[in-house]
Protein chains: 2
Amino acid sequence: MGRMPTVDDVAQAAQVSRQTVSNVINSPGIVRETTRQRVQEAIDRLGYRPHASARRLRTRKSSTIGVRLDPLRDGISGAVLDRFVHKLAEQADARDLRVMIFTADGHADELAHIRRLRDGSDVDAFVLIGTDHGDSRIAWLVENRVPFVSFGRPWGAETPDPHHRWVDVDGRAGVRDAVQHLRAHGADRVAWIGWPSPSGTGDERRAGWEESCGLEGADRENLAIATEDGVTEGRLAAAALLELPAPPDAIVCASDSLALGATMAAQAAGRAGLPIVGFDDTPVAAAVGLSSIEQPLDEVVATALTLLFGEHGDDVRPNPDSDEEPGHRLLVPRLVERRSSHLALDGNPGA
Amino acid sequence: MGRMPTVDDVAQAAQVSRQTVSNVINSPGIVRETTRQRVQEAIDRLGYRPHASARRLRTRKSSTIGVRLDPLRDGISGAVLDRFVHKLAEQADARDLRVMIFTADGHADELAHIRRLRDGSDVDAFVLIGTDHGDSRIAWLVENRVPFVSFGRPWGAETPDPHHRWVDVDGRAGVRDAVQHLRAHGADRVAWIGWPSPSGTGDERRAGWEESCGLEGADRENLAIATEDGVTEGRLAAAALLELPAPPDAIVCASDSLALGATMAAQAAGRAGLPIVGFDDTPVAAAVGLSSIEQPLDEVVATALTLLFGEHGDDVRPNPDSDEEPGHRLLVPRLVERRSSHLALDGNPGA
DNA sequence: TCGTTCATTTTGAACGTTCGAATTCTTCGG
DNA sequence: CCGAAGAATTCGAACGTTCAAAATGAACGA
């Protein structure tokens, strides 16, 4: 196997010029049909593939997006982000985009990586997974005109930044739906296990519970627990709830990890039928028959790519200058019902 | 912000030639110290970064490795591969390598992707995650001289292919250790829940159980169950085991998913203290206090990169021609003990 | 002072592609 | 059969880097 054929080799083989070969590949419309076929045949015969780096050098775009892989977490909740990355790779491929991954230690380090990848023209645009309260990365990216989109709202910004494109899922609505569903099926005292404030996502989800739980005063205080994410934490929190004088008759959790823990606690407390709803609809939830609120990841990814590249192309759009077009979108999650959400209520004995 | 500075801009600013700037970056040793400093200062001042594509075009290497993201699985077992990818990104970064990901539908599609990435000089080398019995990809990659390394042995090849570099973890030894550990702590009847044959990894792990369980005849038959991977499957299998006339007093599973299911079954059967050992030591195992056999992923990744790039550099070595150097390595896993493996035996009541 | 050797720096070309302008080929009305 | 307009193709240059070879400078012994 010698060296790869170049555009010149093809040109020679097809008796045309370099540029015509290039045209056949990039704008087939402008070349005469008979010529196009002849060239195409030569391409196939020689097995020619454009050299990506040469093309990028010339066109000054890499058709590559960069994503930082989050630090490993729980392994349950983390799975959402892994699924996100997976789907990103899938949909990027459909647009002829490549995906480059990297890891980083904290925001500063992440920006350093982004800078390197960007300055080297390795990557055209970035996808930020998750946003913090007053996220320092956003300002920097906008400032440095690095095209990006985030999966996550700009929490805590008074004035929405028109340069910042984002997609997010309306966790509040999702939780609200779940609570209402449980109450419609007879639950009176729906408890909440969530994360400590301040947490953009966490506070939002909790708000969904607050506005729909129909509880007041002491009940409202007692039936909400904030804890770090994790199976163990969920177990402990649920155990505490179940020991209350007036225990809950259903629990909604901010994550599947917490919900899995809660399920274990319920079983241990002899209340295997307690309806429990998780969040993210991870495969684990499906496996153990846990109801969960599903984020429409396919749509999230599709929207992110559309915001970055427009409806179809692979040309990066710079961060928007004004707010003519809405540079963001809030998607609605969906409750996936499984045994856990109506075990006790519909008289269905636990496993 | 105008265009990025080029090597020429730096050269002009530092009053030297293009090439000297290049040397400062690539072989600082050969340029006089005073000059080096002057150039370096100019680089810093202008914020110059080499244009990756230009460099790649010239040097004919991309310093990028490609990995296919496996189809989404269980979410528990899948987490291992996600962790693998994560660590790959980390260690690649340390060597100044980039990681490009892609997804594919089946082996043929994967090879098509590999071909595209490779022919376009987007990617220098590939990492295969997981290998099948008589994996069709390996022959193709060797045939087409695509540098690669696999995380997984060449199952079922009579003659080891000297062109094929691989790393793998000795699952048989891991399971053997776990069984011996359980027996040393008093277990007599250690059961096995694994995957249906033929499965390279699965058969190997089962072999570890067979050679150390100390069971014979009917016991040996009855105490081993083969089932697809998954929490539900593990639950059912364990439930069946526990209903045997002579039930096991410990269970070793081929995955954490199975083990999680087994744990649930044990609790449901009122045998919460039954020692259960999983495989892969996923975060879920840690979260629910499940003992598990841990694959040394850091070492796996480090070895894979070393096989591909040598001890330190970022120059891809072609697939080896002969078998002078051992182009593969088998690493030893480690049993991580948690409550689940000695709950019943050491008289420690379950949670 | 001169040639020699080694260290350091510079020069010209090349990597494979696409852009922009220029050229040639077709077609068609008069 | 000519000229013009449009379609199709070609040509020269450029993208930013590094390689290979050539040129320059410094150091040293004779």
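Since the model is a prediction, treat every value here as computed from it, not as a measurement. In what follows, chains carry the letters A, B, and so on, assigned in the order in which the sequence lines appear, proteins first and then strands, with residues in each chain numbered from 1.
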4.5 Å side-chain heavy-atom contact, A:Arg56 and B:Asp122: yes

Answer whether the closest heavy-atom distance between the side chains of B:Phe309 and B:Leu97 falls below 4.5 Å. yes

Measuring only between side-chain heavy atoms, which start at C-beta, is A:Val85 closer than 4.5 Å to A:Leu81? no

If I take atom CD in residue A:Gln12 and atom C1' in nucleotide D:dT10, what distance separates them, rounded to the nearest angstrom? 15 Å

Quick one: does B:Ile114's side chain get under 4.5 Å of B:Val146's, heavy atoms only? yes

Rounding to the nearest 10°, end axes of the helix from C:dT1-D:dA30 to C:dG30-D:dC1 built from five pairs each make an angle of 60°

Are the ring centres of A:Trp166 and A:His328 closer than 6.0 Å? yes

Relative to each other, are the rings of B:Phe102 and B:Phe126 parallel, tilted or perpendicular (30° and 60° limits)? perpendicular

Do any side-chain nitrogens or oxygens of A:Ser22 fall under 4.0 Å of OP1 or OP2 in C:dT18? yes

Report each atom pair, protein N/O against N/O of nucleotides 11-15 of chain C, whose distance is under 3.5 angstrom.
| residue | atom | partner | partner atom | Å |
| --- | --- | --- | --- | --- |
| C:dG12 | N7 | B:Arg18 | NH2 | 3.0 |
| C:dG12 | O6 | B:Arg18 | NH2 | 3.0 |
| C:dA13 | N6 | B:Arg18 | NH2 | 3.4 |
| C:dA14 | N3 | B:Arg58 | NH1 | 2.8 |
| C:dC15 | O3' | B:Arg60 | NH2 | 3.3 |

Does any residue of residues 23-44 of chain B have a heavy atom under 4.0 Å from DNA chain C, and if so, which ones, in number order? B:Val31, B:Arg32, B:Thr35

For atom CG of B:Asp8 and atom P of D:dA14, their distance in whole Å: 13 Å

Okay, side chain of A:Arg329, backbone of A:Val169: is any donor-acceptor separation there less than 3.5 Å? no

In terms of side-chain geometry, is the basic nitrogen of A:Arg3 or A:Asp9 positioned less than 4.0 Å from the acidic oxygen of its partner? yes

Separation of B:Lys61 atom NZ from C:dG16 atom C1', in whole Å? 19 Å

Side chains of A:Arg165 and A:Asn319: do they bring a donor and an acceptor to under 3.5 Å? yes

Rounding to an integer number of Å, can you tell me how far B:Arg3 CZ sits from D:dA14 P? 13 Å

Is there side-chain contact between B:Met4 and B:His51, with heavy atoms separated by less than 4.5 Å? no

I need the B:Asp314 CG to B:Ile65 CD1 distance, nearest 0.5 Å. 11.0 Å

